Trainee: 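I have a structure here, written as structure tokens, and I will follow up with some questions on it.
Both ligands and their constituent atoms are indexed starting at 1 by order of listing. The model shown is predicted, which means the values in this text are computed figures rather than measured ones.
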Amino acid sequence: MTAQSIAGPAIRVQGLKKSYGKLEVLRGVDFDVAPGSIFALLGSNGAGKTTTVRILATLLKADAGAASVNGFDVATQAANVRESISLTGQFAAVDEILSGRENLALVARLRHLKDPGATADDLLRRFSLSEAGARRVSTYSGGMRRRLDIAMSLIGNSPVIFLDEPTAGLDPEARIEVWDAVKELAGHGTTVLLTTQYLDEAEQLADRIAILHQGRIIVNGTLTELKQLFPPAKVEYVEKQPTLEEIFLAVIGGSDKSDITGTTTGGRG
Ligand SMILES: Nc1ncnc2c1ncn2[C@@H]1O[C@H](COP(=O)(O)OP(=O)(O)OP(=O)(O)O)[C@@H](O)[C@H]1O
Ligand SMILES: [Mg+2]
């Protein structure tokens, strides 16, 4: 959106703290997201993922620390941040009574685009919704709705997009459809911060993965880097790579550590 985005990270979070009353949710969260990359913020229920996203989207104020999006400070340049982002929440914001095309055209009009109809058709095509475009959204599957929701959030070409649990509650097929949509986004240079509880989702999509646990980022790296934290278990003839799920449970102190390395090898020490 501006030259500011070129110099530094698309998202920078430093020492972010947030409490609700006595509940300390974020206790000093730090991470950077490179422009054009997909960054997955992973965490259990209540870890503070939505809280982080809401702070970055200027919907919530942090108690301490700093954060910038597209080079703009979320606290002091909130209007610039809002112009730079698009946010898709856990629950789709689509209008059931309208068709997919009408939903898209409506948002395009609200964003003062020159040709809302053409924008709608283009997005329907990109998200494989052309055939369903004229149908009421109430007839769409969960995956189609979520794709439409993501398509709507793209109108206006925000350089940074937040997807808070984009595939929560979707079946595996629909999740793959949404994953394709997210890859499509990043392929066009959009920076994507997504939150998820699905480890395979992070594994499939993310350039970098950060695990938020007990108020802090306890691990942050590429999948390859994360896997190097836990060397493959040696068995007699087979090398077993840990899955992200195993890494996740290990770093947050999963209850049954013997599962982490598989039954053959015992603990990693
Ligand atoms: N407005 C609020 N007032 C009080 N407590 C809140 C508020 N919003 C969130 N919390 C609490 O803060 C913690 C973090 O919530 P948050 O929604 O950020 O977690 P999350 O990682 O997004 O969880 P989930 O995976 O369930 O979406 C939770 O314990 C939640 O109950
Ligand atoms: Mg949440």
Trainee: Short list, please: which atoms of ligand 1 are under 4.0 Å from a heavy atom of Thr50?
Mentor: 17 (O), 18 (O), 20 (P), 22 (O), 27 (O)
Trainee: Any Lys/Arg nitrogen of Asp63 or Lys17 sitting under 4.0 Å from an Asp/Glu carboxylate oxygen of the other?
Mentor: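 No, Asp63 and Lys17 are not salt-bridged.
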Trainee: Hey, is Glu165 one of the residues with a heavy atom under 4.0 angstrom from ligand 1?
Mentor: yes
Trainee: Which atoms of ligand 1 sit under 4.0 Å from any heavy atom of Val25?
Mentor: 12 (O), 13 (C), 14 (C)
Trainee: Under 4.0 Å between a side-chain nitrogen and a carboxylate oxygen: does that hold for Glu24 and Arg216?
Mentor: no
Trainee: Any salt bridge linking Glu96 with Arg145? Criterion: basic side-chain nitrogen under 4.0 Å from a carboxylate oxygen.
Mentor: yes
Trainee: Which heavy atom of Ser84 sits nearest a heavy atom of Pro159, and at what distance?
Mentor: O-CD, 3.0 Å
Trainee: Any side-chain to backbone donor/acceptor pair from Glu102 onto Ser99? Under 3.5 Å, distance only.
Mentor: yes
Trainee: Taking NZ, NE, NH1 and NH2 as the nitrogens, is one of them in Arg126 or Glu184 under 4.0 Å from a carboxylate oxygen of the other?
Mentor: yes
Trainee: Taking a cutoff of less than 4.0 Å between a non-hydrogen atom of the residue and any ligand atom, is Gly43 in contact with ligand 1?
Mentor: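 Contact check Gly43 vs ligand 1: negative.
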Trainee: In terms of atom number and element, which parts of ligand 1 are under 4.0 angstrom from non-hydrogen atoms of Leu23?
Mentor: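 Contacts of ligand 1 toward Leu23, numbered from 1: 11 (C), 12 (O), 29 (O).
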Trainee: At a 4.0 Å cut-off, with the gap strictly under it, does some heavy atom of Ser44 reach an atom of ligand 1?
Mentor: yes
Trainee: Which ligand 1 atoms are under 4.0 Å away from a heavy-atom of Gly48?
Mentor: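 The list of qualifying atoms is 14 (C), 16 (P), 18 (O), 19 (O), 20 (P), 21 (O).
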Trainee: Measure Thr51 to ligand 1 on non-hydrogen atoms and call it side chain, backbone, both or neither using the 4.0 Å cut-off.
Mentor: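 Near ligand 1, Thr51 shows its backbone as well as its side chain.
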Trainee: Answer yes or no for Thr50: is there an N/O/S atom below the 2.8 Å cut-off from the Mg ion (ligand 2)?
Mentor: yes
Trainee: Any N/O of Ala47 closer than 3.5 Å to an N/O of ligand 1?
Mentor: yes
Trainee: Spell out, as yes or no, whether a donor-acceptor pair under 3.5 Å connects the side chain of Ser86 to the backbone of Ile161.
Mentor: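 No: the side chain of Ser86 does not pair with the backbone of Ile161.
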Trainee: Can you figure out which of Gln197, Lys49, Glu24 has its heavy atom closest to atom 21 (O) of ligand 1?
Mentor: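 The nearest heavy atom belongs to Lys49.
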Trainee: Return a yes/no value for Gly46: is any of its N or O atoms, backbone included, closer than 3.5 angstrom to an N or O of ligand 1?
Mentor: yes
Trainee: For ligand 1, indicate whether the residue Asp164 contacts it via side chain, backbone, both or neither (heavy-atom separation under 4.0 Å).
Mentor: neither
Trainee: To the nearest 0.5 angstrom, please state how far the CD1 atom of Ile209 sits from the CD atom of Glu225.
Mentor: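 Reported value, rounded in 0.5 Å steps: 10.0 Å.
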Trainee: Working note: Ile38 + Val182, criterion side chain to side chain contact (heavy atoms under 4.5 Å, CB included); need CA distance, chi angles, decisive distance, verdict.
Mentor: CA-CA 9 Å; Ile38 303 181; Val182 176; 4.0 Å; yes
